[in-house]
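All remarks here apply to the structure that follows.
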Amino acid sequence: MHAKFGHKLGRKTGHRRAMFRNLMSDLFRHERIRTTSAKADAVRGEAEKLITFARKGDLHARRMIMREIQDQDIVDKLIHVIGPDMSERPGGYTRIVNLGPRKGDAAPMVYLELVD
């Protein structure tokens, strides 16, 4: 049996997908989110794929983005604002900035933000 790809983060599939969708929606809404290092690493690749679709901006790309993000306002922002801003970049649309440990449980916290 082959190894399964991806970060599980100790959650069942439905919970994990919902968490990733919420993290990506907040990232595109606010252009920067504060989260744990593990969650940022797990969601970064998915967010970059959606930005790559947004750069194309056609109907197929919109439908592929709508598979993950159901909020129409965020999808419009992604296609009309973020996609054209990233059109000159060959990749690497996000960055992770380390913040240090969280006070309660010492989990490593980071900012996941869109590159300007």
R17, CZ: over 12 other non-hydrogen atoms inside 6.0 angstrom: no
More than 12 heavy atoms of other groups within 6.0 Å of D58 CG: yes
Closest non-hydrogen atom pair between D116 and R89, with its separation: O-NH1, 4.5 Å
Heavy-atom donor-acceptor pair, S25 side chain to N22 backbone, under 3.5 Å: no
Side chain to side chain donor-acceptor pair (under 3.5 Å) assessment of Y93 paired with R44: CA-CA 9 Å; Y93 311 116; R44 183 181 197 179; over 6 Å; no
Heavy-atom closest contact (L9 atom, A42 atom, distance): CD1-CB, 4.1 Å
E46 side, atom CD; F20 side, atom CZ - distance, nearest 0.5 Å: 7.0 Å
R32 vs L114 side-chain heavy atoms within contact, under 4.5 Å: no
Pairwise distance CZ(R55) to CG(D85) - rounded to 0.5 angstrom: 11.5 Å
Nearest heavy-atom neighbours spanning E68 and Q70: O-OE1, 3.9 Å
Q72 atom CD: more than 12 heavy-atom contacts under 6.0 Å: yes
Non-hydrogen side-chain atoms of F53 and I79 separated by less than 4.5 Å: no
Flag side-chain contact, heavy atom, 4.5 Å: M109 against T35: no
Which atom of T36 lies closest to which atom of A107, heavy atoms considered: CG2-CB, 4.4 Å
Inter-residue atom distance I74.CD1 - D26.CG, 0.5 Å rounding: 7.0 Å
Worked verdict on T94 versus E113 for side chain to side chain donor-acceptor pair (under 3.5 Å): CA-CA 6 Å; T94 60; E113 58 188 14; over 6 Å; no
Heavy-atom closest pair, residues H7 and R16: O-CD, 3.2 Å
Side chain proximity check, R62 to D76, heavy atoms < 4.5 angstrom: yes
Working for side chain to side chain contact (heavy atoms under 4.5 Å, CB included), residues R34 and L99: CA-CA 9 Å; R34 183 173 187 247; L99 297 175; 3.5 Å; yes
Atom pair CG/CZ of L50 and R21 - distance to nearest 0.5 Å: 10.5 Å
Cluster overlap I51 with I96, hydrophobic side-chain contacts below 4.5 Å: yes
Separation of M24 CE from I65 CD1 (nearest 0.5 Å): 10.5 Å
Nearest heavy-atom neighbours spanning S87 and P84: OG-O, 2.9 Å
Results of salt bridge (Lys or Arg N to Asp or Glu O under 4.0 Å) for K77 - residues two or more places apart only: E31
Residue list, salt bridge (Lys or Arg N to Asp or Glu O under 4.0 Å) with R63, at least two apart or on another chain: none
Beyond-backbone contact of L112 with L23, side-chain heavy atoms, under 4.5 angstrom: no
Beyond-backbone contact of Y111 with I33, side-chain heavy atoms, under 4.5 angstrom: no
D71 CG to I69 CD1 distance, which is reported to the nearest 0.5 Å: 8.5 Å
pair V110-V97: side-chain heavy atoms closer than 4.5 Å: no
